[in-house]
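Computed from a predicted model, the values in this text were never measured in an experiment. The analysis underlying the following values was restricted to heavy atoms, covering all of them including side chains, and did not include hydrogens, waters or symmetry mates.
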Amino acid sequence: MSEVFRTMLETDMIEKRSKNITIRDSCPYAVKQFLKYLYVGTVDFNNWTQAVNLLKIAHKYSVQTLINLSEAYLVTTVVFSNACLLHELSRTYSLKILKKQTQGFILDAGFMVSATDGFFNLRSRSLESFLSSCHFNVENEGTILTCLREWAVCECSRRCMSLSRTNVLSAMEPFLKYIRWALIPESHRTFVPRYLADKYRDDQLSLRRPFFVPPSLQFHIHYLKFVVELGSFHDQNQQNGFHSNVNFLKFSVDNHVYLAGFRIVGLFRTYTRFLTGKRHLNGMLLGS
């Protein structure tokens with residue numbers, strides 16, 4: 001039973017007198033499943049977005065058992081694209097289990113998650129917790145600086161500020177102290193003035209752990225943003241356009257890589273097998 005409903009119906013409130021309770025700000029699916037749970041005690045989850053809607057209505061009307069069910073389901077649905085969104089949800093509604101799951105996932109999958117819209121919409125406190133961690137798993141420090149810049153652009157938009165260099169740098173500045181500046185060549189950080197980099201440079205910061213693809217994430221990877229580097233396509237099949245053996249697979253998120261004056265980036269639909277030694281990728285180039 002909802003304690004909120006109980007109060008509405010057992011005290012001198014308009015809902016008791018009218019015998020009518022109006023539920024606002026909820027989608028039809030959430031209302032239907034919410035009432036089903038109150039009457040029958042069961043609920044059907046079809047996808048994570050519906051579970052989020054159900055969680056919100058359960059929280060609004062203080063049905064703790066349904067909150068717990070929704071959280072347990074959401075823990076099983078964490079993927080690259082929704083990890084940051086679910087992390088913010090866990091902080092908003094004090095969902096400790098979901099927070100722990102999403103936090104660990106984002107740290108392990110930083111090389112993929114940091115390119116998602118959810119990452120660019122993180123709240124400042126959440127962003128700080130990830131950038132400050134030496135366990136944030138990205139391929140290099142330049143990736144973090146690039147992602148921070150993209151986040152700052154989005155933050156300026158959220159604040160209705162012009163996207164001037166001054167405003168973007170202002171949004172970035174509180175987080176510059178977490179950048180390992182010594183690991184980024186000056187030619188790769190021209191957007192940040194040298195005086196700011198020198199101001200926040202701290203050579204005592206612990207190095208981040210070496211980049212790797214955790215075994216726990218390998219089954220999540222279906223789409224990769226692929227950056228071509230010298231030697232990558234020695235074994236390509238010229239006749240059918242497929243690339244059967246890729247000697248160097250580099251996970252990259254919006255990093256600019258130039259080869260003989262060209263930036264070559266491909267999005268692959270892949271069947272990946274992570275092996276010791278060479279990694280084999282069978283897929284078809286969709287765009288570049």
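Using a 4.5 Å heavy-atom cutoff, the side chains of Glu139 and Phe211 are in contact. Taking 4.5 Å as the limit, some side-chain heavy atom of Phe45 sits within range of a side-chain heavy atom of Leu54. With a 4.5 Å cut-off on side-chain heavy atoms, Leu183 and Leu207 count as touching. Side chains of Cys84 and Asn121 form no contact here, defined as non-hydrogen atoms less than 4.5 Å apart. Residues Leu176 and Lys199 have side chains not in contact (no heavy-atom distance under 4.5 Å, counting atoms from C-beta outward). For the pair Val31 and Ile57, the minimum side-chain heavy-atom distance is below 4.5 Å. Residues Val192 and Leu169 have side chains in contact (heavy-atom distance under 4.5 Å, counting atoms from C-beta outward). Taking 4.5 Å as the limit, every side-chain heavy atom of Val113 sits out of range of all side-chain heavy atoms of Phe130.
Within the model, atoms NZ of Lys100 and OG of Ser90 stand 13.0 Å from one another, a figure rounded to the nearest 0.5 Å. Taken to the nearest 0.5 Å, the CG atom of Leu86 stands 5.5 Å off from the CG atom of Leu98. For the atom pair Leu69 CG and Leu74 CG, the distance stands at 11.0 Å (nearest 0.5 Å). Taking CE of Met161 as the reference point, atom CD of Glu155 lies at 8.5 Å (rounded to 0.5 Å). Here Met172 contributes atom CE and Leu148 contributes atom CG; the two are 4.0 Å apart, rounded to the nearest 0.5 Å. A distance of 11.0 Å separates OH of Tyr93 from OG of Ser70, quoted to the nearest 0.5 Å.
Between Arg180 and Leu205, the closest heavy-atom pair is NE-CB, 3.9 Å. Heavy atoms only, all atoms of each residue included: Arg158 and Leu122 are closest at NH2-O, 4.1 Å. Taking both residues in full, the closest heavy atoms of Val168 and Ala152 are given as O-CB, 3.6 Å, listed atom of the first, atom of the second, then distance. Between Glu173 and Leu196, the shortest heavy-atom distance links the atoms OE2-CD2, 3.8 Å. Closest non-hydrogen pair, Cys147 versus Phe120, comes out as O-CE2, 3.8 Å.
Counting heavy atoms of neighbouring residues, nucleotides and ligands inside a 6.0 Å radius, atom CZ of Arg194 does not exceed 12 of them. Within 6.0 Å of the NZ atom in Lys36, the count of heavy atoms belonging to other residues, nucleotides or ligands exceeds 12. Counting non-hydrogen atoms of neighbouring residues, nucleotides and ligands closer than 6.0 angstrom, the CG atom of Leu163 exceeds 12 such neighbours.
A side chain to side chain contact (heavy atoms under 4.5 Å, CB included) with Leu89 is found for exactly one of Lys99, Glu71, Lys56, namely Lys56. When each of Asn140, Ile144, Thr143, Ile179 is tested with Ile184 by the rule side chain to side chain contact (heavy atoms under 4.5 Å, CB included), just one qualifies, namely Ile179.
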The test is side chain to side chain contact (heavy atoms under 4.5 Å, CB included); show your working for Ser94 and His59 and say whether it passes.
CA-CA 11 Å; Ser94 301; His59 184 272; over 6 Å; no
Applying side chain to side chain contact (heavy atoms under 4.5 Å, CB included) to Val79 and Trp48, what does each step give before you reach the verdict?
CA-CA 10 Å; Val79 292; Trp48 72 271; 5.8 Å; no
If you apply the rule side chain to side chain contact (heavy atoms under 4.5 Å, CB included), what do you find for Leu85 with Val52, and how did you get there?
CA-CA 10 Å; Leu85 300 174; Val52 168; over 6 Å; no
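For Phe34 and Tyr61, the ring centers are positioned less than 6.0 Å apart.
At distances below 3.5 Å, not a single donor-acceptor pair connects side-chain atoms of Asp198 with backbone N or O atoms of Tyr195. Judged purely by atom type and a 3.5 angstrom limit, Ser133 has no side-chain atom pairing as donor or acceptor with the backbone of Ser129. Judged by distance alone, with hydrogens and angles left aside, the side-chain atoms of Asn167 form a donor-acceptor pair with the main-chain N or O of Ser162 at under 3.5 Å. Proximity of a side-chain donor or acceptor of Thr190 to a complementary backbone N or O of Ser187 within less than 3.5 Å is not detected. When atom types are taken as modelled, the side chain of Asp44 and the backbone of Gln33 share no donor-acceptor pair closer than 3.5 angstrom. For Ser170 (side chain) and Thr166 (main-chain N/O), no donor-acceptor pair under 3.5 Å exists by modelled atom type. Formation of a donor-acceptor pair under 3.5 Å by the Asp203 side chain with backbone atoms of Ala182 is not found in this model.
A salt bridge does not link Glu128 to Arg125: none of the charged side-chain nitrogens sits closer than 4.0 Å to a carboxylate oxygen. A salt bridge is defined here as a Lys NZ or Arg NE, NH1 or NH2 lying under 4.0 Å from an Asp or Glu carboxylate O, and Glu141 with Arg189 fails to meet this definition.
Judged by distance alone, the side chains of Thr65 and Asn68 never bring a donor and an acceptor atom under 3.5 Å apart. Under the 3.5 Å distance criterion, with hydrogens and angles disregarded, a donor-acceptor pair is assigned to the side chains of Thr92 and Arg123.
Hydrophobic clustering keeps Phe212 apart from Val138 (ILVMFWY residues linked when any side-chain heavy atoms are closer than 4.5 Å, directly or through intermediates).
Ring geometry for Phe80 against Phe105 counts as tilted: the plane angle lies between 30° and 60°, on a 0 to 90° scale.
Geometrically, Arg208 does not engage Phe136 in a cation-pi contact defined by less than 6.0 Å to the ring centre and at most 45° from the axis.
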